Amino acid sequence: MNVFSLMKDRVVEVIQSAVEDGALPSGLKTDAVTAEAPRDAAHGDVSTNAALVLAKQAGMKPRGIAEILASRLLNVDEVDAAEVAGPGFINLRLGASVWHGVVKEVLKTGIAFGDNAAGQQEPINVEYVSANPTGPLHVGHARGAVFGDVLAALLSKSGYAVTKEYYINDAGSQVDSLARALHLRYLVALGKKSDNDFAAAAEAGDVEYAGGYLKDAAVKLVDADGDKWADAHEDEWMEPVRTFAIKAMMQMIREDLAALGIGQDLETSERSLVESGRIETAISDLERQGLVYTGVLEPPKGKKPDDWEARPQLLFKSTEFGDDIDRPFKKSDGTWTYFASDVAYHRDKFDRGFSQMIDVWGADHGGYVKRMQAAVKALSNGEGALDIKLCQLVKIFDKGEPVRMSKRSGTFVTLRDLIDAVGKDVVRFIMLTRRNDAPLDFDYAKATEKSRENPVFYVQYAHARINSVFRHAAEAFKDLDLTDPGLTHADLSLCSDDAELAIMRTVSAWPRIVESAAQAHEPHRLAFYLNDLAAELHALWNRGNENAELRFLLPDEPGRSRARLALVRSVALVIASGLHVFGVQPVEEMR
RNA sequence: GGACCCGUAGCUCAACUGGAUAGAGCACUCGCCUUCUAAGCGAGAUGUUGCAGGUUCAAGUCCUGCCGGGUCCA
C-alpha cells in the first residue's frame with residue numbers, strides 16, 4: 001500500500017462529494033492534486049495542495065476551499081487531524097494504526113514491498129552498455145551498465161514488462177580494425193611474426209587495438225583454424241577472422257558483465273540489421289513521409305575543419321522534430337552512417353512492440369540525443385517515446401589521488417580491475433550514489449572504508465545490526481515466534497516513542513520512492529532513501545545506549561520487545577528490498 | 001561559432017519533475033561505550049541556490065539573456 005496515493009484518492013473523493021453537495025462548483029479538474037510528505041514533520045504526515053490547485057477553477061479563495069475540504073477530510077477513517085496552513089495547504093495527520101498496518105504489510109510481503117502496478121505491464125525496452133565489441137569493458141562502461149541494469153529492475157518493480165537489451169556495433173570499420181589486430185596476433189601465435197613485429201606495427205599506428213587481450217583469442221583462432229589464414233589475402237580472411245574476433249570479444253564482455261551481476265535479455269546485432277536490409281526499409285519509410293532528401297549542409301559555424309567541403313548528401317529532416325540541423329544518412333563513400341543504422345535499430349525495437357524505449361549512453365554521445373529522438377518520433381508516427389539517459393564520467397581516485405588513465409598507453413582501469421579491487425556489490429552501489437547526469441568520483445579507499453562516509457557500508461551495517469538483534473532475541477526469547485508471519489501479531493501500539501513512529505513513516509514512504517524513481521528514471525533516489533533509512537535505524541539503536549527503556553530487547557517485556565522486533569524487521573526488509581533492486585546482497589553480519 | 005549537461009553551506013552532494021522556514025555527510029567544537037557491534041549516535045555554526053529579468057497563489061526546479069566548468073560537433 002502506498003499511503004500517499006491512498007490519501008490522494010481520499011482527497012479527490014472528498015472533492016467530489018463536496019461538488020455533489022454544492023459546496024464546490026462542478027467541473028473541477030483534479031489532475032494536479034497531490035498528496036505528499038511535507039519536508040517539515042511539523043506539517044503533519046501528508047500534505048495536499050488541492051485547495052491551491054482548485055482555487056482559480058472554482059473562483060474561490062484557496063483558504064476558503066481548504067476549510068471546506070479540511071472539515072470533510074476529518075471524517076475520513078485514516079485521518080486524525082486536518083488543518084489548513086500557509087497559503088492553503090491542508091496538512092493531514094494520520095492515525096497510528098495506518099503506520100502499524102504498513103509495518104505488518106511489510107512483514108507479509110517481504111522484499112516485494114514497494115512493488116506497484118504503475119507500469120501496467122506495458123513493454124519497455126532498456127538498452128544499455130552496448131559497448132563496441134573491440135575490447136574489455138572499462139570503468140566508463142561500468143556506470144552505464146549498473147545504471148541501466150538497476151533502472152530495469154526498478155521498472156520491473158513498478159509493473160513494467162522490461163526487456164534488457166545490448167546493441168552490438170559489429171558493422172562499422174572498427175570491427176575491421178579489430179580483425180586486422182587479431183590477424184596480426186594470430187601470426188605471432190603461429191610464430192610467423194614476433195612480438196617485436198607486433199609492437200612495431202602498434203607503434204607505427206598500423207594496429208588500432210594493441211591491448212594484450214587479443215592474445216588469448218589468437219591462440220583460440222589457431223586452435224580452431226590452424227594456419228589456414230596465415231598466407232591468405234585479407235579479402236579471404238577478413239570475414240571469418242572478424243566474425244571470430246567479434247564472437248570472442250562479446251564472450252569477454254558477457255563475462256565482464258556477469259562479474260557485475262548483469263545478464264541482458266537480448267543482443268541485437270547491427271550487422272544483422274544491415275544484412276537483412278532493414279536500413280533500406282526504415283529509410284524508405286521515412287522517404288514516403290517526405291522526411292528524406294538530398295541536400296547540402298551548411299559548414300559548421302566558427303572554426304572550419306580543414307577537410308570540410310560542401311557536397312550533396314542524403315539527409316533526414318530532423319529539424320522538423322526539434323533538431324538543430326538535418327542529419328546525414330550516408331557517408332561520402334556511399335555507406336550508411338551510424339545514424340542510419342541506429343534509426344533502423346530503433347524502428348526495429350518499435351516494431352517489436354516497444355513504444356517506450358530508454359537508451360543509456362555515455363555523456364560523450366550527448367550531441368546525438370536530439371536526432372535520435374527526432375528519428376523515433378518520425379518512425380513511430382509520434383507514438384514512440386525514447387528517453388535517453390546520459391551517464392557522466394567516472395573519475396577513479398585512490399585515497400584522494402586521481403588514478404591516471406590513458407587509452408593510448410593502455411593504462412585505463414578495466415571493469416575487472418574495479419571489481420577485483422572493491423567487489424561487485426560495492427561497485428554497483430557506489431555507481432548509484434550520484435545522479436546519472438552528474439560526474440562521479442570513485443575512490444577505491446573510500447569505497448571499502450568502514451565508516452559513515454561510505455554509503456554501502458552504512459546501509460549494510462544497518463541491515464547487519466538488525467540481524468544481530470534477532471540473533472540475540474532468539475536467545476533471550478526462546479518461546480517467541482520471531483518469524484515474519486509470527487511478528488505480524490505483535491502489538492505495535494507498544495511502539496509509541498516518537499522516533500519509532502518516525503521510522504514507521506519512513507518505511508511507509510518506500511512505495512512512493514520506488515514509484516517516483518521509476519517514473520523519473522532515476523534509480524539514485526533509492527540510494528539516498530536507503531541512506532536516510534539506515535541513519536534513522538542507527539539513531540534509534542543508539543538511543544538504547546542512553547535510555548535502556550528504548551532498547552529493542554527488554555528481557556522483562558516480551559510484548560514490547562516483539563513489537564520493536566516487528567518494527568526493525570520491517571526496516572531490514574525495506575533495506576533488503578532496495579538492495580534487491582540494486583542487485584546487491586544484504587549482509588547478515590559485519591566482519 | 002553552435003548544441004547538450006552542470007553551477008546549491010568552506011568541501012562532496014540531496015531536494016519527492018512547481019510547494020511551506022533549501023537539507024545530509026565531511027571538516028570544526030563539545031558530549032555519549034559495565035549495554036543488542038562506538039565500524040555508531042547526539043548537540044552547536046554554516047546560504048542573495050553563478051548573475052539579471054520573466055511566467056504564477058507558489059521558482060533551486062519552468063522560460064529568456066549573460067557568466068563560469070565539462071562534453072561533443074559530416
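Bear in mind the structure is a predicted one, so any value in this text is a computation, not a measurement. Throughout, protein chains are lettered first and strands after them, A, B, ... in sequence-line order, and every chain is numbered starting at 1.
- Among the protein residues, A/E589 comes within range of the nucleic acid bases, having at least one heavy atom under 4.0 Å from a base atom.
- Figure legend: cation-pi geometry between A/R452 and A/Y458, with NZ or CZ positioned under 6.0 Å from the six-membered ring centre and within 45° of its axis.
- A/T319 contributes no side-chain N or O that, together with a main-chain N or O of A/I325, makes up a donor-acceptor pair within less than 3.5 Å.
- Taking atom C1' on both B/C51 and B/C32, the two are 46 Å apart, rounded to the nearest angstrom.
- Heavy atoms of A/N49 sit under 4.0 angstrom from at least one base atom.
- Using a 4.0 Å heavy-atom distance criterion, A/R327 is classed as making no nucleic acid contact.
- Of the candidate nucleotides B/A3, B/C36, B/G25, B/A3 has the atom nearest to the side chain of A/D324.
- Between A/D359 and A/K389 there is no salt bridge, since none of the side-chain N atoms of the basic residue sits less than 4.0 Å from a carboxylate O of the acidic one.
- For A/N542 against B/G40, a side-chain N or O and a base N or O form a donor-acceptor pair under 3.5 Å.
- The side-chain ring of A/H538 is not stacked on the base of B/G40, judged by centre separation under 5.5 angstrom and plane angle under 30 degrees.
- When both pairing distances are held under 3.5 Å, B/C72 makes a Watson-Crick or G-U pair with B/G2.
- A donor-acceptor contact under 3.5 Å links the side chain of A/N91 to the base of B/A20.
- Nearest-nucleotide assignment on RNA chain B puts the 5′-proximal partner with A/P439, out of A/P439 and A/A534.
- At a cut-off of 3.5 angstrom, the base of B/A74 holds no donor-acceptor pair with the side chain of A/T337.
- Checking side-chain atoms of A/Y529 against main-chain N and O of A/T506 turns up a donor-acceptor pair under 3.5 Å.
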- Message: Test ring pair (Phe, Tyr, Trp, His ring centres under 6.0 Å) on A/F582 and A/F429; report intermediate values, then the result.
- Response: CA-CA 7 Å; A/F582 280 9; A/F429 197 108; 5.4 Å; yes
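- Proximity of A/R471 to the phosphate of B/C36: no side-chain N or O atom is located under 4.0 Å from OP1 or OP2.
- A 3.5 Å limit on both hydrogen-bonding distances identifies no Watson-Crick or G-U partner for B/C16.
- Backbone-only contact: A/F528 has heavy atoms under 4.0 Å from sugar-phosphate atoms and none from a base.
- Mapping A/A539 and A/A548 onto RNA chain B via the closest heavy atom, the residue that lands nearer the 5' end is A/A548.
- Side chain A/R39 to base B/U21: no donor-acceptor pair is found below 3.5 Å.
- Nucleotides B/U8 and B/A22 have their C1' atoms positioned 8 Å apart, rounded to a whole Å.
- At a threshold of 4.0 angstrom between heavy atoms, the contacts of A/R452 are confined to the sugar-phosphate backbone, with no base atom among them.
- Glycosidic conformation, B/C33: syn, with the torsion inside 90° of 0.
- Contacts of A/T433 with the nucleic acid, taken as non-hydrogen atoms under 4.0 Å apart, are absent.
- Using N1 to N3 plus N6-O4 or O6-N4 for Watson-Crick, or N1-O2 and O6-N3 for G-U wobble, each under 3.5 Å, B/G44 pairs with B/C28.
- Nucleic acid contact class of A/A476 (heavy atoms, under 4.0 Å, all strands): none.
- When heavy atoms are screened at a 4.0 angstrom cut-off, A/A37 is found touching base atoms of the nucleic acid.
- With a cut-off of 3.5 Å on both pairing distances, the Watson-Crick or G-U wobble partner of B/C62 is B/G54.
- Here B/G7 sits opposite B/C67 as a Watson-Crick or G-U wobble pair (both hydrogen-bonding atom distances under 3.5 Å).
- Geometrically, A/K331 does not engage A/W336 in a cation-pi contact, judged by NZ or CZ lying under 6.0 Å from the ring centre and within 45° of the ring axis.
- Between the base of B/C16 and the side chain of A/R512 there is a donor-acceptor pair shorter than 3.5 Å.
- With a cut-off of 3.5 Å on both pairing distances, B/C33 has no Watson-Crick or G-U wobble partner at all.
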